[in-house]
Asker: 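Sharing a structure below in structure tokens format, with a few things to ask.
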Protein chains: 2
Amino acid sequence: MRLSGGVETALHCCVVLTAAAEPVPAARLAELHGVSATYLAKQLQALSRARLVQSVQGKAGGYVLTRPPEEIKVLDVVEAVDGAAPTFVCTEIRQRGPLAAPPEACAAPCAIKRTMIAADQAWRAVLREVSVADLARMVGQGYDTDVMGSVGAWLAAGA
Amino acid sequence: MRLSGGVETALHCCVVLTAAAEPVPAARLAELHGVSATYLAKQLQALSRARLVQSVQGKAGGYVLTRPPEEIKVLDVVEAVDGAAPTFVCTEIRQRGPLAAPPEACAAPCAIKRTMIAADQAWRAVLREVSVADLARMVGQGYDTDVMGSVGAWLAAGA
DNA sequence: GTTAGTTTACTCGGATATATCGTGTCCGAGTCTATTGGG
DNA sequence: CCCAATAGACTCGGACACGATATATCCGAGTAAACTAAC
């Protein structure tokens, strides 16, 4: 039950893109975060497939958020990178073995399945409540310097 | 972000053990659930290491719950089988790259880490609220026959 | 009939192969920009 | 001076190896019960 490591970098990228007015290439994002450029490209492609970011090709191309950051929830990013599959897959053990339950009984999910689904939904609910804009706002707290401003300036500087 | 498949079988085993007064061998539990006996043994060993079940050796040996089922939470079983590690591991990306934050700034976890931890705790909270006794109680609902009673009888019959 | 010893058969426990998925990487297709030549 | 065509360089996108983790399995160590034989 470990979340894919790419989720962290993807979230950081989304926050950074909040501070950028122009498209930001994947290589630039990789340089800023100090991670492998080729691997980060994979996560950005996932975000692109999920329509969270839009890719702009050509010389001054890169990635841009498709929506205002308030409308991009953390859950969207997590599901885009890690997959939207439920955390618990029920193999319907009830239907196996000598005391197998009749198939029609599984129309209503069993107690175990219901519990796991409830936990899964609670987890998703928290991630759905926080948006990328919220993250960007929280990032700046507790620092003397304006972090998001520095990032924006660094992106604009082009070096 | 997928939960280990062994969690489901482990939970079913715990529920079944609720209906058994005598130790139940791993092979018997495997037969009842129609799963591989050798692999199920692995999950039971995990439960044993976590002190959720106690192994009784010898001819009439097997596994028994160490506590009343009300005191065994679903979270205990999940953490025993799948591991208690947090779902999100923060690699402290802030400390990398050209705009690296000072290490002392990471004393307080960043916004992303806080969000993921909150979601993780919400997930665990749900699993902590449900006990194995609750599961056993819910299992019987919606059936004409007394499922738990049938399981207990099958275990006592010895065939 | 009781009891001690021995045998037996059954149990769990950890160490061992295999499959699947996540991690990390590479090269090709597409497109916008800048240049350059002509009108 | 303006425009169009061309060349260039930079971008993303999907396809390709590698490693780690989860899955599935095996055999050995230990123990309680059952049996046997002697008392």
Side-chain angles (χ1 to χ4, degrees), chain A residues 1-10 13 17 20 22-31 33-64 66 78 80-83 85 87-89 91 93 155 158-159, chain B residues 1-10 13 17 20 22-31 33-64 66 78 80-83 85 87-89 91 93 155 158-159:
Chain A
M1 188 68 173
R2 211 184 77 240
L3 204 55
S4 168
V7 171
E8 184 182 9
T9 56
C13 286
L17 286 178
E22 304 171 359
V24 182
R28 179 64 49 87
L29 288 171
E31 183 189 359
H33 293 111
V35 299
S36 162
T38 53
Y39 185 44
L40 189 142
K42 207 177 178 62
Q43 323 299 344
L44 290 171
Q45 285 168 26
L47 294 178
S48 177
R49 271 191 292 270
R51 311 282 188 216
L52 298 179
V53 302
Q54 181 154 14
S55 66
V56 179
Q57 287 213 340
K59 190 169 181 124
Y63 287 98
V64 193
T66 55
V78 170
V81 173
D82 196 68
T87 59
F88 180 79
V89 286
T91 60
I93 283 187
L155 290 175
Chain B
M1 189 67 173
R2 211 183 78 240
L3 204 55
S4 168
V7 171
E8 184 182 10
T9 57
C13 286
L17 286 179
E22 302 171 2
V24 182
R28 178 63 50 88
L29 287 169
E31 184 189 358
H33 293 112
V35 299
S36 163
T38 53
Y39 185 45
L40 189 142
K42 205 176 180 60
Q43 323 299 344
L44 290 171
Q45 286 168 26
L47 294 178
S48 177
R49 271 191 292 269
R51 312 284 188 213
L52 299 179
V53 301
Q54 182 154 12
S55 66
V56 179
Q57 286 211 339
K59 191 167 180 126
Y63 289 98
V64 193
T66 56
V78 170
V81 174
D82 197 68
T87 60
F88 180 78
V89 284
T91 60
I93 283 186
L155 289 176

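No experiment lies behind these values; they were computed from the predicted model shown. A, B, ... follow the sequence lines: proteins, then strands. Residue 1 opens every chain.
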Asker: Could you state the CG-P distance from A:Leu44 to C:dG24, rounded to the nearest angstrom?
Answerer: 15 Å

Asker: Please determine if a side-chain N or O atom of A:Tyr39 lies less than 4.0 Å away from the OP1 or OP2 oxygen of D:dC18.
Answerer: no

Asker: Describe the nucleic acid contact of B:Ala26 in one word from base, sugar-phosphate, nothing, applying a heavy-atom distance below 4.0 Å.
Answerer: sugar-phosphate

Asker: Has B:Arg28 got a side-chain N or O lying under 4.0 Å from the OP1 or OP2 atom of C:dT11?
Answerer: no

Asker: Of the listed nucleotides (D:dA24, C:dG30, D:dG30), which one gets closest to any side-chain atom of B:Gln57?
Answerer: D:dG30

Asker: By nearest heavy atom, map A:Thr38 and A:Lys59 onto DNA chain C; which one lands nearer the 5' end?
Answerer: A:Thr38

Asker: How far does OG1 of A:Thr9 sit from CG of A:Leu29, to the nearest 0.5 angstrom?
Answerer: 10.0 Å

Asker: Quick one, A:Val53 and A:Val64 - any side-chain contact, counting heavy atoms below 4.5 Å?
Answerer: no

Asker: Can a donor-acceptor pair be found between the side chains of B:Thr91 and A:Glu8 at a distance below 3.5 Å?
Answerer: yes

Asker: Of B:Ser36 and A:Ser48, whose closest DNA chain D nucleotide lies nearer the 5' terminus?
Answerer: A:Ser48

Asker: Of the candidate nucleotides C:dG13, D:dT11, D:dG13, which contains the atom at the shortest distance from the side chain of A:Gln45?
Answerer: D:dG13

Asker: Compare side-chain N and O positions of B:Ser55 against OP1 and OP2 of C:dT11 and report whether any pair is under 4.0 Å apart.
Answerer: no

Asker: Under 4.0 angstrom, heavy atoms only, what part of the nucleic acid is B:Ala41 near: base, sugar-phosphate, or nothing?
Answerer: nothing

Asker: May I have the distance from A:Gln43 (atom CD) to C:dG22 (atom P), rounded to whole angstrom?
Answerer: 11 Å

Asker: Going by heavy atoms in the side chains, are B:Cys13 and B:His33 under 4.5 Å from each other?
Answerer: yes

Asker: Strictly below 4.0 Å: does A:Arg2 bring a side-chain N or O up to OP1 or OP2 of C:dG22?
Answerer: no

Asker: In whole Å, I'd like the distance from the CG atom of B:Leu40 to the P atom of D:dT23.
Answerer: 13 Å

